Amino acid sequence: MDIFQRLKNGELVSFSDPDYHVIIDKASKTKSLQIELNQAINNNDFRTIWKKISGNELDETTTISLPFQINIGTCTIIGKNVFINSDCTFLDLGGITIEDDVLIGPKVSLLTEGHPIESEKRKALFVKPILIKRNVWIGAGAIILPGVTIGENSIVAAGAVVSKDVPDNVVVGGIPAKIIKEIK
C-alpha cells in the first residue's frame, strides 16, 4: 500500500518514514506547476495547467482567482459554478471535495493535514478529508480544519475557524466557529 493510501486509511505517518519522500516529491512537482498556474495569462492556459496539477478538468463555469496555493493537487475535486477568490491555500493531501455553486472568499485556507498533539509524535502527519457541500459561501480569511464537512447552503463567516462539521442551512462564525443563526 502506498503512503497516500496509508494516510487516507488513517495511519499516522512519521517524517522519518522511508516512503515520506514520495509526498515531498509530489509536492515539489505540484509547486513547479503552481508557479506556472499563478502566471497564467488566460483561462485556457490556467485550465491546461490545472489539469496537469489535479488530473481533472476544471469546468468552464468555475473560476479560481490568482494567486492560488495548493500542495498536492490530485486530491482536490471542484464542481461546477464554483468561485474561489484570490490568495486561497489548499493543503489537500487528505482530500478536498467542493460541490457545485460554492463561493470561497479571499485568503481562505482548507487544511486537510495536521499533526498529533503529543510532542513526541508531532513530527508525523495525519490527514482527514474536507467536504464543502452545494451552495456554501465561505467568507474571507476563514480556516477549515481537517475532517470538516460544511453543510449545504451554509455560510462560514469571515475569519471563522471551523473545527467541527457544520449542518445544512446555518451561518457559523467565530473561533472556534459556532452556529450564529439558521438560514430559512
Side-chain angles (χ1 to χ4, degrees), residues 1-35 37-38 52-56 64 67-78 84-99 102 104-133 136 138-151 154 156-167 170 172-180:
M1 182 180 319
D2 75 13
I3 194 164
F4 297 107
Q5 192 58 51
R6 289 170 42 210
L7 281 163
K8 286 186 179 181
N9 288 345
E11 187 175 325
L12 186 64
V13 175
S14 171
F15 294 168
S16 61
D17 186 289
D19 293 329
Y20 197 82
H21 70 92
V22 175
I23 296 171
I24 301 298
D25 293 347
K26 175 60 180 149
S28 294
K29 288 176 186 170
T30 300
K31 188 176 191 176
S32 173
L33 287 168
Q34 182 178 266
I35 291 166
L37 184 81
N38 282 307
K52 289 179 188 176
I53 289 172
S54 70
N56 299 311
I64 300 176
F68 177 75
Q69 307 298 319
I70 193 163
N71 66 334
I72 301 296
T74 55
C75 303
T76 295
I77 298 169
I78 300 175
I84 300 171
N85 213 321
S86 61
D87 224 4
C88 289
T89 299
F90 290 9
L91 299 185
D92 74 325
L93 187 54
I96 295 172
T97 301
I98 300 170
E99 293 183 353
V102 169
I104 298 179
K107 298 187 183 299
V108 167
S109 295
L110 303 181
L111 311 174
T112 68
E113 305 164 21
H115 306 281
I117 294 172
E118 303 87 358
S119 61
E120 66 277 359
K121 294 181 182 177
R122 207 167 291 153
K123 290 187 179 177
L125 184 67
F126 70 81
V127 301
K128 293 182 181 176
I130 290 174
L131 172 59
I132 311 297
K133 291 190 174 180
V136 165
I138 302 176
I143 299 171
I144 313 299
L145 295 176
V148 168
T149 294
I150 308 295
S154 288
V156 176
V161 176
V162 184
S163 59
K164 294 183 180 170
D165 289 352
V166 173
V170 298
V172 297
I175 303 173
K178 294 182 179 12
I179 295 174
I180 297 171

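Note that this is a predicted model, so its numbers are computed, not measured.
For Val162 against Ala177, the heavy-atom pair with the smallest separation is CG2-CB, 3.8 Å. Closest heavy-atom contact between Ala160 and Gly173: CB-CA, 4.0 Å. When all heavy atoms of Pro146 and Gly114 are compared, the closest pair comes out as CG-N, 4.4 Å. Here the shortest heavy-atom pairing between Gly139 and Val108 reads O-CG2, 3.2 Å. Of all heavy-atom pairs spanning Ile70 and Thr30, the tightest one is O-CG2, 3.6 Å. Of all non-hydrogen atoms in Val22 and Phe4, the two that sit nearest each other are CG1-CE1, 3.5 Å.
No donor-acceptor pair closer than 3.5 Å links the side chain of Asn85 to the backbone N or O of Lys107. With Glu113 contributing its side chain and Leu125 its backbone, the two residues share no donor-acceptor pair below 3.5 Å. In this structure a side-chain-to-backbone donor-acceptor pair under 3.5 Å is present from Asp165 to Thr149. Checking side-chain atoms of Ser154 against main-chain N and O of Pro167 turns up a donor-acceptor pair under 3.5 Å.
Put simply, OG1 on Thr74 and CG on Asn56 are 9.0 Å apart, with the number rounded to the nearest 0.5 Å. Taking CD1 from Ile144 and OG from Ser163, the interatomic distance works out to 10.0 Å, rounded to the nearest 0.5 Å. Here CD1 of Ile72 is found 5.0 Å from CG of Leu93. Values are rounded to the nearest 0.5 Å. Atom CG of residue Leu33 and atom NZ of residue Lys52 lie 6.5 Å apart, to the nearest 0.5 angstrom. Remark: Ser54 OG to Ile96 CD1 distance equals 12.0 Å, nearest 0.5 Å. Considering NZ of Lys178 and CD1 of Ile175, their distance stands at 10.5 Å, rounded to 0.5 Å.
Side-chain contact between Asn38 and Gln69: present, with at least one pair of heavy atoms (C-beta onward) separated by less than 4.5 Å. Using a 4.5 Å cut-off on side-chain heavy atoms (C-beta onward), Asp25 and Ile23 make no contact. Contact annotation: the side chain of Ser14 never approaches that of Lys121 to less than 4.5 Å [non-hydrogen atoms, C-beta and beyond]. Taking the side chain as every heavy atom from C-beta outward, Phe90 and Cys88 approach each other to under 4.5 Å.
Looking at Leu131, Ile78, Ile130 one by one, the single match for side-chain contact (heavy atoms from CB on, under 4.5 Å) with Thr97 turns out to be Leu131. With respect to Val172, the side-chain contact (heavy atoms from CB on, under 4.5 Å) criterion is satisfied by exactly one of Ile180, Ile179, Ile150: Ile179.
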For this session: Please report the C-alpha distance between Ile143 and Leu111 in whole Å, then the side-chain angles of each, then the deciding distance to 0.1 Å, and finally whether the side-chain contact (heavy atoms from CB on, under 4.5 Å) criterion is met.
Result: CA-CA 7 Å; Ile143 299 171; Leu111 311 174; 3.8 Å; yes

Exercise. Between Ile53 and Lys29, does a side-chain contact (heavy atoms from CB on, under 4.5 Å) hold up when you go through it step by step?
Worked result: CA-CA 8 Å; Ile53 289 172; Lys29 288 176 186 170; over 6 Å; no

For this session: Begin with the C-alpha distance, continue with both residues' side-chain angles, and end with the deciding distance and a verdict on side chain to side chain donor-acceptor pair (under 3.5 Å) for Gln5 and Asn9.
Result: CA-CA 6 Å; Gln5 192 58 51; Asn9 288 345; 3.0 Å; yes

For this session: Show your reasoning for whether side chain to side chain donor-acceptor pair (under 3.5 Å) applies to Thr112 and Asp92.
Result: CA-CA 6 Å; Thr112 68; Asp92 74 325; over 6 Å; no

Exercise. Passes side-chain contact (heavy atoms from CB on, under 4.5 Å), Leu145 versus Val161? Steps please.
Worked result: CA-CA 7 Å; Leu145 295 176; Val161 176; 3.9 Å; yes

Problem set entry | Stepwise side-chain contact (heavy atoms from CB on, under 4.5 Å) check, Leu7 with Phe126 | CA-CA 6 Å; Leu7 281 163; Phe126 70 81; 5.6 Å; no

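Applying the salt bridge (charged side-chain N to carboxylate O under 4.0 Å, His left out) test to Arg6 and every residue at least two apart in sequence or in another chain returns Glu11, Asp17, Asp19.
Heavy atoms from other residues, nucleotides or ligands lying under 6.0 Å from NZ of Lys26 number more than 12. A 6.0 Å sphere centred on CD1 of Ile24 holds more than 12 heavy atoms belonging to other residues, nucleotides or ligands.
Here the two rings, on His115 and Phe15, have centers that are under 6.0 Å apart.
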